[in-house]
Amino acid sequence: MSSLCEHLTKIFETVFEQLELPRANAKINVSKQGQNCQFQCNGAMASAKIARKKPHDVAKDIIDQVKKNTLNKDIFKEISIGGPGFINITLNDSFIENHIKEISNDKKYGIKESGEGQNIVLDYGGPNIAKAMHVGHLRSSIIGDALRRIYKYAGYNTISDIHMGDWGTPMGMILSELELMGFDGEITMDMLAEIYPKAAAACKEDEKRLALAREATRKLQEGDPTYTQTWKKFIDVSIEGIKKNFDALGVHFDEWKGESDAHPYITDMINDLKRRNLAIESDGALIMPVSKEDDKKEIPPLILLKSDGAVLYSTTDMATIIDRIKTYNPSKIIYIVDQRQHLHFEQVFRAVHIAGIAPKDKVDLVFAGFGTMNGSDGKPFKTRAGGVMRLSDLISMAKEKATLRLNEAALAKDMDELERKNVAHKVAIAALKFADLRNDRVTDYIFDIDRMTSFEGKTGPYLLYQAVRIQSLLRKAGIENQIEINSLKIDDIDRDIALLLSEFPDHFNNAINQNSPHILCDYAYRLAQEFSSFYGNCHILSEPDKKIKTSRLALCQQSHKQLCLILELLGIEIPDRM
RNA sequence: GCGCCCUUAGCUCAACUGGAUAGAGCACCUGCCUUCUAAGCAGGGGGUUACAGGUUCGAUUCCUGUAGGGCGUGCCA
């Protein structure tokens, strides 16, 4: 099973080989030409030099060769040359129908289970203990969770790990702050929310205060019993708050590990690196050089131990890889983290390669960095008050707006309180998630609260709305089970949406290959739009011709299934009605 | 200083990895709710893809340079 493009590409590859043209040039794309044709092959022009012919003549040879094969007769309605040598392709409706039928009957919609038998670790979320989760945490968790779902769909055994920041200097800041306060009671979340920023600010201002925090960090890492006890307490409190946020977002983690879970591996790892002279002392710190000769700029060494003996995130990230390989034996580890950490991960990846901890041919380490969420001034996002907006505040704001919008709708009149709340929540989360996911992963983007919580146009709620509308239509038609897809008969009104449905495998593959959910967002939006147009163009339920009606309902059902599937892959839940 | 990334419509973003006339949403303008949910549909205006060169049959995409912006650059994460 594959997409129409893949199918056609195979046919053309055979032809290219027969004509001794480069096989790679045979690729078929969906045409952007609109009415003129459906697909196109641009390979004739690219092959012209090798063939020592005019592009136009090469195209003609290709078309003749395709037509020669009688098997292709039923497939192509028209193949012609356009412009300097574009090969324009229009398919017979029956062939498109058959393809839709095949895809629909395939339990994976034409997606190959390429990840079968492979474990993959996804590292995202990365909240810091004691720091309130802010909008910046959205990107990592939402993109990461979408990728988890996408990989899972491709057959991988996915393990998502939240990898909390629970072992660095911020821990020492809190511990030392509690000590200075002489505090010894029950720690609450509200307290933590106050203590950490206070301690962090104090450390920033005062070297001596920072030294205290560092000292506390070191002692914690050495296993000081009092510190460990206190630390465990506020970790638990903090996790509770983190869980609430992720539950609201519908973001799932298989593992709730943190930097501290790498601790048991660190001593052995460091001793081993020292023994093999891979780690050396420099300025009182223990470092590991990772630069290569052909580096454009010398990559600074990785610091394993600070001069005070404490570890930092380079160390824990390395040790975490040891843990992950030992525990899950993954073929791939994907880090969904801020682009700004690029150099850091470059260092860590090099270090584990050099040390033989993660051989390149055994585990693929992937840095899937994402761009920063900026404010309208182009700088990392801050609220008007100067702080960062809390994630929970953002969610409440979106929910409030969704409730208002819902109450305006006549539909809400016969909804009880519970359903209203439920719908508002789903709409709000859909808006937030889609607003984030629709942007290309790597580029920075501007955070705008109004746009993020808007429900019209290219938004999550628009997608929900279309899905809900189809669902309602199917309900009214009295359809409970799958319609016999064999009843599909394409005509001018529904050809476009049928063609679009056939593209799904292509977009899925692009999304997974590039770790880019936004590709699926774009496709889902186009599908929803195409459906909406189809829906507006013809009235389905009142269609007198029974065959046409059944065929269109089948198409509705397929559109619905695909839309639901993609929304699920993006981690967006659909209400029953809205 | 050096390295990485970015610059596309008034604003926010795409462009299937080099293809034909660069697409969407918002905002603006014009229509459409007495038949399936108007959170919708149909249509309109809006572009020297920052600039200058180069490679190519063909460049938003690749290369070089210039300007502007962001980030990173040994003891934060």
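Proteins get letters first, then strands, A, B, ... in listed order; numbering begins at 1 in each.
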Pick the [atom1] atom in [N] and in [M], then give their distance to the nearest Å.
N     : M     : atom1 : answer
B:G68 : B:C51 : P     : 16 Å
B:C63 : B:G47 : C1'   : 25 Å
B:C28 : B:C33 : C1'   : 23 Å
B:G70 : B:A38 : P     : 46 Å
B:U66 : B:G19 : C1'   : 29 Å
B:A15 : B:U60 : P     : 15 Å
B:C11 : B:A27 : P     : 16 Å
B:C71 : B:A77 : C1'   : 15 Å

Does a donor on one side chain sit under 3.5 Å from an acceptor on the other, for A:His163 and A:Asp317?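 Short answer, yes.
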
Each base of RNA chain B marked ( ) or [ ] if paired in-strand (Watson-Crick or G-U under 3.5 Å), | if paired to another strand and . if unpaired gives (((((((..((((.....[...)))).(((((.......))))).....(((((..]....))))))))))))....

For a quick check of understanding: with a heavy-atom distance under 4.0 Å over all strands, which category does [X] fall into, base, sugar-phosphate or nothing?
X        : result
A:Thr169 : sugar-phosphate
A:Lys131 : nothing
A:Ser282 : base
A:Ser542 : base

Whichever of A:Lys49 and A:Leu210 has its nearest RNA chain B nucleotide further upstream toward 5':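 Of the two residues, A:Lys49 wins.
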
Which is more 5' along RNA chain B, the nucleotide nearest A:Gly165 or the one nearest A:Ile81? Just name the residue.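 Its nearest nucleotide lies further toward 5', so the answer is A:Ile81.
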
Which whole-number value in Å describes the distance from [X] [atom1] to [N] [atom2]?
X        : N     : atom1 : atom2 : answer
A:Asn515 : B:C16 : CG    : C1'   : 17 Å
A:Phe370 : B:C6  : CZ    : P     : 17 Å
A:Asp57  : B:C57 : CG    : C1'   : 14 Å
A:Asp338 : B:C71 : CG    : C1'   : 9 Å
A:Glu207 : B:C76 : CD    : C1'   : 13 Å
A:Leu555 : B:C36 : CG    : C1'   : 15 Å
A:Asn537 : B:A42 : CG    : C1'   : 9 Å
A:Leu8   : B:C16 : CG    : C1'   : 15 Å

Show each protein N/O and nucleotides 37-39 of chain B N/O combination with a separation under 3.5 Å, one pair to a line.
residue: B:U37; atom: OP1; partner: A:Ser472; partner atom: OG; Å: 3.1
residue: B:U37; atom: OP2; partner: A:Lys476; partner atom: NZ; Å: 2.7
residue: B:U37; atom: O2'; partner: A:Tyr465; partner atom: OH; Å: 2.3
residue: B:U37; atom: O2; partner: A:Met578; partner atom: O; Å: 3.0
residue: B:U37; atom: N3; partner: A:Met578; partner atom: O; Å: 2.7
residue: B:U37; atom: O4; partner: A:Met578; partner atom: N; Å: 3.4
residue: B:A38; atom: OP2; partner: A:Arg469; partner atom: NH1; Å: 3.0
residue: B:A39; atom: OP2; partner: A:Arg405; partner atom: NH2; Å: 2.6
residue: B:A39; atom: O5'; partner: A:Arg405; partner atom: NH2; Å: 3.3
residue: B:A39; atom: O4'; partner: A:Arg405; partner atom: NH2; Å: 2.9

Within the distance-only criterion (no hydrogens, no angle test), does the side chain of [X] pair as donor or acceptor with the backbone N or O of [Y] below 3.5 angstrom?
X        : Y        : value
A:Ser502 : A:Ser3   : no
A:Asp436 : A:Leu432 : no
A:Gln466 : A:Gln529 : no
A:Gln347 : A:Pro300 : yes
A:Thr90  : A:Cys37  : no
A:Ser532 : A:Ala528 : no
A:Asn509 : A:Pro505 : yes
A:Gln562 : A:Leu501 : yes

Please check the phosphate of [N] (OP1 and OP2 only) for any side-chain N or O of [X] closer than 4.0 Å.
X        : N     : answer
A:His518 : B:A24 : no
A:Lys32  : B:U21 : no
A:Ser533 : B:C41 : no
A:Lys306 : B:G74 : no
A:Arg214 : B:C76 : yes
A:Lys297 : B:C4  : no
A:Gln341 : B:C76 : no

Quiz item: cation-pi between A:Arg438 and A:Tyr525, 6.0 Å / 45°: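 No, A:Arg438 does not lie over the aromatic ring of A:Tyr525.
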
Output, in order, the C-alpha distance, side-chain angles, deciding distance and verdict of side chain to side chain contact (heavy atoms under 4.5 Å, CB included) for A:Asp506 and A:Glu6. CA-CA 8 Å; A:Asp506 291 329; A:Glu6 284 179 280; 4.0 Å; yes

Around atom CD of A:Glu400, are there more than 12 heavy atoms from other residues, nucleotides or ligands closer than 6.0 Å?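 It does not: A:Glu400 CD has 12 such atoms or fewer within range.
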
Decide yes or no, distance alone: a donor-acceptor N/O pair under 3.5 angstrom between the base of B:G25 and the side-chain of A:Thr459.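 Such a pair does not exist between side chain and base.
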
Taking the six-membered ring for Trp and the full ring for Phe, Tyr or His, determine whether the centres of A:Phe349 and A:Tyr335 are under 6.0 Å apart.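 Under 6.0 Å, so yes.
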
Tell me whether A:His539 is stacked on the nucleobase of B:C36, counting only the six-membered base ring and applying the 5.5 Å and 30° thresholds.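 Ring-base stacking flag set for A:His539 and B:C36.
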
Ring centres within less than 5.5 Å and planes less than 30° apart: is that true of A:Phe86 and B:A20 in this structure?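 Given the distance and angle limits, yes, they stack.
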
Side chain to side chain donor-acceptor pair (under 3.5 Å) with A:Asp448: which residues, sequence neighbours excluded?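 Side chain to side chain donor-acceptor pair (under 3.5 Å) check on A:Asp448 returns A:Arg451.
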
Quick one: side chain to side chain donor-acceptor pair (under 3.5 Å) partners of A:Asn128, sequence neighbours excluded?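 Result, side chain to side chain donor-acceptor pair (under 3.5 Å) vs A:Asn128: none returned.
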
Evaluate the ring planes of A:Tyr535 and A:Phe531, with Trp represented by its six-membered ring, and classify them as parallel (under 30°), tilted (30 to 60°) or perpendicular (over 60°).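 Tilted, since the angle between the ring planes falls between 30° and 60°.
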
Counting only side-chain heavy atoms from C-beta out, which of B:C57, B:C36, B:G25 sits nearest to A:Tyr525?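 Ranking B:C57, B:C36, B:G25 by closest atom to the A:Tyr525 side chain puts B:G25 first.
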
Candidate list A:Val311, A:Ile280, A:Ile287, A:Leu273, test side-chain contact (heavy atoms from CB on, under 4.5 Å), partner A:Leu304, passing option: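 Between A:Leu304 and the candidates, side-chain contact (heavy atoms from CB on, under 4.5 Å) is satisfied uniquely by A:Leu273.
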
Using a cutoff of under 3.5 Å, can you pull out all pairs of nitrogen or oxygen atoms linking the protein to nucleotides 46-50 of chain B, with atom names and distances?
none

Report all interatomic pairs (protein N or O, nucleotide N or O of nucleotides 10-13 of chain B) with separations under 3.5 Å.
residue: B:U12; atom: O2'; partner: A:Arg451; partner atom: NH1; Å: 3.0
residue: B:C13; atom: OP1; partner: A:Ile446; partner atom: N; Å: 2.6

